[in-house]
Amino acid sequence: MPINDYALAERIQREVNFSTTYRTDAEQYGRPEHWVEAGKFGDCEDYALLKRAMLRNQGWPADKLALCTCWCEDGGYHCVLFVDTDLGGYILDNRREWPTKPTDLPYRWDSMLMGGKWYEIRGWHSA
């Protein structure tokens with residue numbers, strides 16, 4: 001089994017989404033933003049951080065993971081995890097049950113954190 005196996009990404013996606021209850025940073029910490037791996041509760045970046053940590057703990061290569069930010073269809077700002085799997089690139093999103101191709105999501109992509117540096121996302125457009 002490859003270290004960046006799609007099935008592993010899918011399992012972690014579902015495990016985190018089903019074991020974490022969405023709660024904003026304002027509700028949890030009394031401030032608008034607080035980036036921390038989700039526990040029982042978390043907001044979008046907390047889900048993404050926990051999924052990234054769990055995949056890394058399974059040996060997933062760091063250069064095949066990236067935090068991504070985008071604007072949702074309702075105008076809200078959102079954070080997800082991009083995973084480069086043996087079946088291609090997918091987004092692990094707390095708003096979706098299954099890993100999803102970036103181009104299949106109704107988001108306007110902004111930036112990607114990879115290797116400690118933020119990059120502008122170009123080329124991912126909704127179908």
Side-chain angles (χ1 to χ4, degrees):
M1 172 170 84
I3 294 175
N4 65 325
D5 181 56
Y6 173 88
L8 175 59
E10 182 182 284
R11 181 176 61 77
I12 300 258
Q13 160 78 354
R14 294 172 54 78
E15 184 178 318
V16 171
N17 283 6
F18 290 128
S19 67
T20 305
T21 300
Y22 186 87
R23 189 165 289 168
T24 68
D25 289 332
E27 292 170 321
Q28 287 192 89
Y29 306 106
R31 54 184 150 182
E33 282 302 323
H34 183 73
W35 286 44
V36 62
E37 291 171 15
K40 183 175 181 171
F41 303 103
D43 67 358
C44 60
E45 77 274 357
D46 303 336
Y47 281 80
L49 290 168
L50 178 57
K51 291 171 189 178
R52 182 178 70 174
M54 290 175 72
L55 287 166
R56 291 289 298 132
N57 285 340
Q58 294 290 319
W60 200 285
D63 65 348
K64 295 192 178 291
L65 298 168
L67 294 173
C68 297
T69 58
C70 58
W71 285 273
C72 298
E73 58 277 21
D74 66 2
Y77 206 58
H78 190 42
C79 182
V80 296
L81 183 66
F82 172 81
V83 294
D84 183 7
T85 77
D86 59 334
L87 299 179
Y90 286 86
I91 297 294
L92 305 187
D93 185 348
N94 66 293
R95 299 175 66 203
R96 303 281 187 279
E97 185 174 351
W98 304 100
T100 308
K101 290 280 191 184
T103 53
D104 291 341
L105 292 165
Y107 301 152
R108 187 166 49 95
W109 297 101
D110 182 30
S111 56
M112 169 185 284
L113 177 63
M114 196 170 192
K117 185 174 177 185
W118 285 99
Y119 298 91
E120 182 180 346
I121 297 175
R122 296 181 183 182
W124 289 354
H125 303 286
S126 300

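Close placement of the Trp71 and Tyr77 rings is indicated, their centers lying within 6.0 Å of each other.
The two residues Ala48 and Cys79 come nearest to each other via the heavy atoms CB-SG, 4.3 Å. Pairing each heavy atom of Ala62 with each of Arg56, the nearest pair is N-NH1, 3.2 Å. Summarising the geometry of Gln28 relative to Gly42, their closest heavy-atom pair is NE2-CA, 3.5 Å, with the distance given to 0.1 Å. In terms of heavy-atom proximity, Trp109 sits nearest to Pro102 at NE1-O, 3.5 Å. Considering all non-hydrogen atoms of both residues, Leu65 and Met114 come closest at O-CG, 4.0 Å.
For the pair Glu45/Glu33, a side-chain contact is recorded, criterion being any heavy-atom separation below 4.5 Å from C-beta on. Within the 4.5 Å cutoff, the side chain of Tyr29 has no heavy atoms near those of the Asp43 side chain. Residues Leu105 and Ile91 meet the side-chain proximity criterion, which asks for heavy atoms closer than 4.5 Å. At a threshold of 4.5 Å between non-hydrogen side-chain atoms, the residues Lys101 and Tyr90 count as touching. Counting only heavy atoms from C-beta outward, the side chains of Val36 and Leu49 never approach each other to under 4.5 Å. In this structure the side chain of Tyr107 never reaches within 4.5 angstrom of the side chain of Ile121, judged on heavy atoms.
Rounding to the nearest 0.5 angstrom, the gap separating the OG atom in Ser19 from the CG atom in Leu50 is 7.0 Å. The distance from atom CD of Gln58 to atom CD1 of Ile3, rounded to the nearest 0.5 Å, is 10.5 Å. One finds the CG atom of Leu87 at 7.5 Å from the CG atom of Asp5 (value rounded to the nearest 0.5 Å). Separating the CG atom in Asn94 from the OG1 atom in Thr20 is a distance of 9.0 Å, to the nearest 0.5 Å. Put simply, NZ on Lys51 and CG on Asp46 are 11.5 Å apart, with the number rounded to the nearest 0.5 Å. Put simply, CD on Glu27 and CZ on Phe41 are 9.5 Å apart, with the number rounded to the nearest 0.5 Å.
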Worked verdict on Asp93 versus His78 for side chain to side chain contact (heavy atoms under 4.5 Å, CB included): CA-CA 9 Å; Asp93 185 348; His78 190 42; 2.8 Å; yes
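In this structure, the side chain of Asp86 engages the main chain of Tyr6 through a donor-acceptor pair within 3.5 Å. No side-chain donor-acceptor contact under 3.5 Å links Asp110 to the backbone of Thr69. Using modelled atom types, one side-chain atom of Gln13 and one backbone atom of Arg96 make a donor-acceptor pair closer than 3.5 Å. Between the side chain of Glu97 and the backbone N or O of Arg14 there is no donor-acceptor pair closer than 3.5 Å.
Paired with Lys64 under the rule side-chain contact (heavy atoms from CB on, under 4.5 Å), one option of Leu55, Thr85, Asn4 passes, and it is Asn4.
There is a path of hydrophobic side-chain contacts, each under 4.5 Å, that joins Tyr119 to Phe82.
Between Tyr22 and Tyr47, the ring-plane angle classifies as parallel under the 30° and 60° cut-offs.
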